[in-house]
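Note that the structure is a prediction, hence the values are computed from the model and not measured. In what follows, residues are counted from 1 in the order of the sequence shown.
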Amino acid sequence: MEPADPLSATFAALADPTRRAILGRLCQGEASVNELAAPFQISLPAVSRHLKVLEAAGLISRGRDAQWRPCRLEAAPLKAVDGWLERYRRLWEGSFDKMEAYLAQLTKGDGNERKS
């Protein structure tokens with residue numbers, strides 16, 4: 001079953017550790033399927049299936065250079081994930097700020113109790 005929207009397709013593609021590792025390798029630059037498959041103990045067809053999932057999610061693209069089809073990272077879907085996570089980051093940071101203020105108040109309270 002295909003994800004209904006691009007963000008769901010991106011999260012579905014990122015759910016697999018092999019695909020995340022492939023994206024990590026592509027952060028260093030273009031690579032062939034053989035280069036991407038080298039660190040894994042899986043078959044080339046299995047790596048190709050992972051690449052198809054990443055390509056369908058728009059996370060990679062494949063070029064053509066003679067018989068070589070280099071894969072490259074496409075960052076736009078990751079920016080969409082970052083934008084989606086941003087609202088939660090603000091929530092967490094707000095909670096940390098409240099906790100910091102509470103701890104400062106407790107620490108200040110401890111100092112006053114010792115002086116009394």
Side-chain angles (χ1 to χ4, degrees):
M1 184 173 175
E2 294 286 323
D5 62 274
L7 190 59
S8 296
T10 302
F11 277 117
L14 294 174
D16 185 275
T18 301
R19 292 193 286 264
R20 291 193 304 271
I22 289 171
L23 291 177
R25 164 57 185 88
L26 290 174
C27 283
Q28 300 168 11
E30 292 183 351
S32 68
V33 174
N34 285 334
E35 290 170 332
L36 292 171
F40 303 108
Q41 299 294 321
I42 58 177
S43 67
L44 280 176
V47 171
S48 290
R49 284 192 294 274
H50 283 300
L51 293 176
K52 285 179 183 175
V53 172
L54 292 170
E55 195 171 21
L59 289 162
I60 68 166
S61 62
R62 295 191 211 196
R64 182 169 293 278
D65 185 11
Q67 294 181 355
W68 192 59
R69 295 199 65 203
C71 298
R72 71 181 60 88
L73 180 68
E74 299 293 341
L78 296 174
K79 275 187 154 188
V81 168
D82 186 52
W84 185 81
L85 289 172
E86 178 61 28
R87 71 182 94 167
Y88 299 101
R89 183 178 303 122
R90 280 187 248 136
L91 175 71
W92 298 322
E93 288 173 356
S95 295
F96 289 138
D97 290 345
K98 288 177 186 173
M99 182 184 294
E100 184 178 353
Y102 178 70
L103 290 173
Q105 189 177 27
L106 286 178
T107 303
K108 186 178 178 181
D110 283 347
N112 288 339
E113 289 175 4
R114 289 181 189 157
K115 290 179 182 178
S116 303

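Not counting sequence neighbours, the partners of Leu103 by the side-chain contact (heavy atoms from CB on, under 4.5 Å) test are Met99, Leu106. Every side-chain contact (heavy atoms from CB on, under 4.5 Å) that Phe96 has, sequence neighbours left out, goes to Trp92. Residues passing the side-chain hydrogen bond (donor to acceptor under 3.5 Å, both in side chains) test with Arg89 are Asp82, Glu86, sequence neighbours excluded. Not a single side-chain contact (heavy atoms from CB on, under 4.5 Å) links Ser95 to another residue, sequence neighbours left out.
Although no hydrogens or angles enter the test, the distance criterion places a donor-acceptor pair under 3.5 Å between the side chain of Arg20 and the main chain of Ala15.
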Give the table of side-chain donor-acceptor pairs shorter than 3.5 Å for residues 24-31, with sequence neighbours excluded, one pair per line with atom names and distance.
unit_1 : atom_1 : unit_2 : atom_2 : d
Arg25  : NH1    : Gly29  : O      : 3.2
Glu30  : OE2    : Arg72  : NE     : 2.8
Glu30  : OE2    : Arg72  : NH2    : 2.9

Show me the donor-acceptor pairs within less than 3.5 Å that the side chains of residues 47-55 make with the rest of the protein, sequence neighbours left out.
unit_1 : atom_1 : unit_2 : atom_2 : d
Ser48  : OG     : Leu44  : O      : 3.2
His50  : ND1    : Arg19  : NH1    : 3.2
Glu55  : OE1    : Arg62  : NE     : 3.3

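By the criterion of side-chain heavy atoms lying less than 4.5 angstrom apart, applied directly or through intervening Ile, Leu, Val, Met, Phe, Trp or Tyr residues, Tyr88 is grouped together with Leu7 in one hydrophobic cluster. Under the 4.5 Å side-chain contact rule for hydrophobic residues, Ile22 and Trp68 do not share a cluster.
With values rounded to the nearest 0.5 angstrom, Ile60 atom CD1 is found 9.0 Å from Leu73 atom CG. A distance of 10.5 Å separates OG1 in Thr107 from CD in Glu100, rounded to the nearest 0.5 Å. Residue Leu36 holds its CG atom at 9.5 Å from CG of Leu23, rounded to the nearest 0.5 Å.
Ala13 and Ala57 make their closest contact through CB-CB, 3.9 Å (heavy atoms, listed as atom of the first residue, atom of the second, distance).
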